[in-house]
Amino acid sequence: MVVVWRGEEVNLNDNKAFLLIETRVGRATEAVSALKQLEGVKSADTVTGSYDVIAVLEGESLAAIGDLVTSKINPIPCISRSVTCICLD
């Protein structure tokens, strides 16, 4: 599907998202290890700032990315909160 965003056409069939993750204290490395084992997680890194981990997700559809986040990632015990940012470029 193609949409117009900021005056430009964007192909949403690329289906990529950044996931900003807050973990329980001291458990960022554990979260990264768990994330890297999941199909659809292209990368996961510990970072500084407001979030503890940023992961790059890819899927066949936006629904597939949503299912990955809600059914596989959010239930990981060391993850306390996440924000999904769908890529438009």
Side-chain angles (χ1 to χ4, degrees):
M1 170 174 44
V2 175
V3 298
V4 176
W5 183 68
R6 294 187 179 172
E8 294 184 29
E9 289 188 357
V10 176
N11 185 350
L12 293 181
N13 293 327
D14 292 339
N15 302 313
K16 178 179 172 183
F18 292 99
L19 190 65
L20 312 176
I21 300 167
E22 292 179 10
T23 65
R24 307 235 186 272
V25 176
R27 297 181 71 185
T29 302
E30 179 183 345
V32 168
S33 294
L35 290 164
K36 287 184 174 180
Q37 295 179 29
L38 297 175
E39 185 176 337
V41 176
K42 297 304 171 189
S43 67
D45 298 284
T46 55
V47 296
T48 61
S50 299
Y51 297 94
D52 303 305
V53 175
I54 297 179
V56 178
L57 312 178
E58 290 183 0
E60 293 178 4
S61 66
L62 295 178
I65 291 173
D67 289 344
L68 172 63
V69 172
T70 58
S71 67
K72 304 263 190 208
I73 295 175
N74 285 344
I76 295 172
C78 56
I79 293 177
S80 57
R81 182 176 176 274
S82 69
V83 175
T84 306
C85 303
I86 302 296
C87 293
L88 298 176
D89 291 330

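Note that the structure is predicted; figures quoted are calculated from it, not measured.
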TODO: Would you mind listing every salt bridge (charged side-chain N to carboxylate O under 4.0 Å, His left out) that reaches into residues 21-31, with sequence neighbours excluded?
DONE: Glu22-Arg81, Arg27-Glu30
Open item on the list: Let me check something: do Val56 and Val53 share a hydrophobic cluster, defined by ILVMFWY side-chain heavy atoms less than 4.5 Å apart, either directly or through other members?
Closed with: no
Open item on the list: Rounded at 0.5 Å granularity, tell me how far CG in Leu19 sits from CD1 in Ile79.
Closed with: 7.0 Å
Task: Inter-residue atom distance Ile73.CD1 - Leu35.CG, 0.5 Å rounding - done: 5.5 Å
- [ ] Please list all pairs passing the side chain to side chain donor-acceptor pair (under 3.5 Å) test where one or both residues lie in residues 39-52, with sequence neighbours left out.
- [x] Thr23-Asp52
- [ ] Enter the distance from Leu57:CG to Phe18:CZ here, rounded to the nearest 0.5 Å.
- [x] 9.5 Å
Task: Summary of side chain to side chain donor-acceptor pair (under 3.5 Å) pairs that have at least one residue in residues 65-79, sequence neighbours excluded - done: Asn74-Ser82
Task: Shared hydrophobic cluster for Leu38 and Ile65 (ILVMFWY, side-chain gaps under 4.5 Å) - done: yes
Open item on the list: As an exercise, state the distance from CG of Asn15 to CD1 of Ile86, rounded to the nearest 0.5 Å.
Closed with: 8.0 Å
Task: Heavy-atom closest contact (Ile21 atom, Ala55 atom, distance) - done: CD1-CB, 4.5 Å
- [ ] State plainly whether one hydrophobic cluster holds both Ile54 and Val32, where clusters connect Ile, Leu, Val, Met, Phe, Trp and Tyr through side-chain heavy atoms under 4.5 angstrom apart.
- [x] no
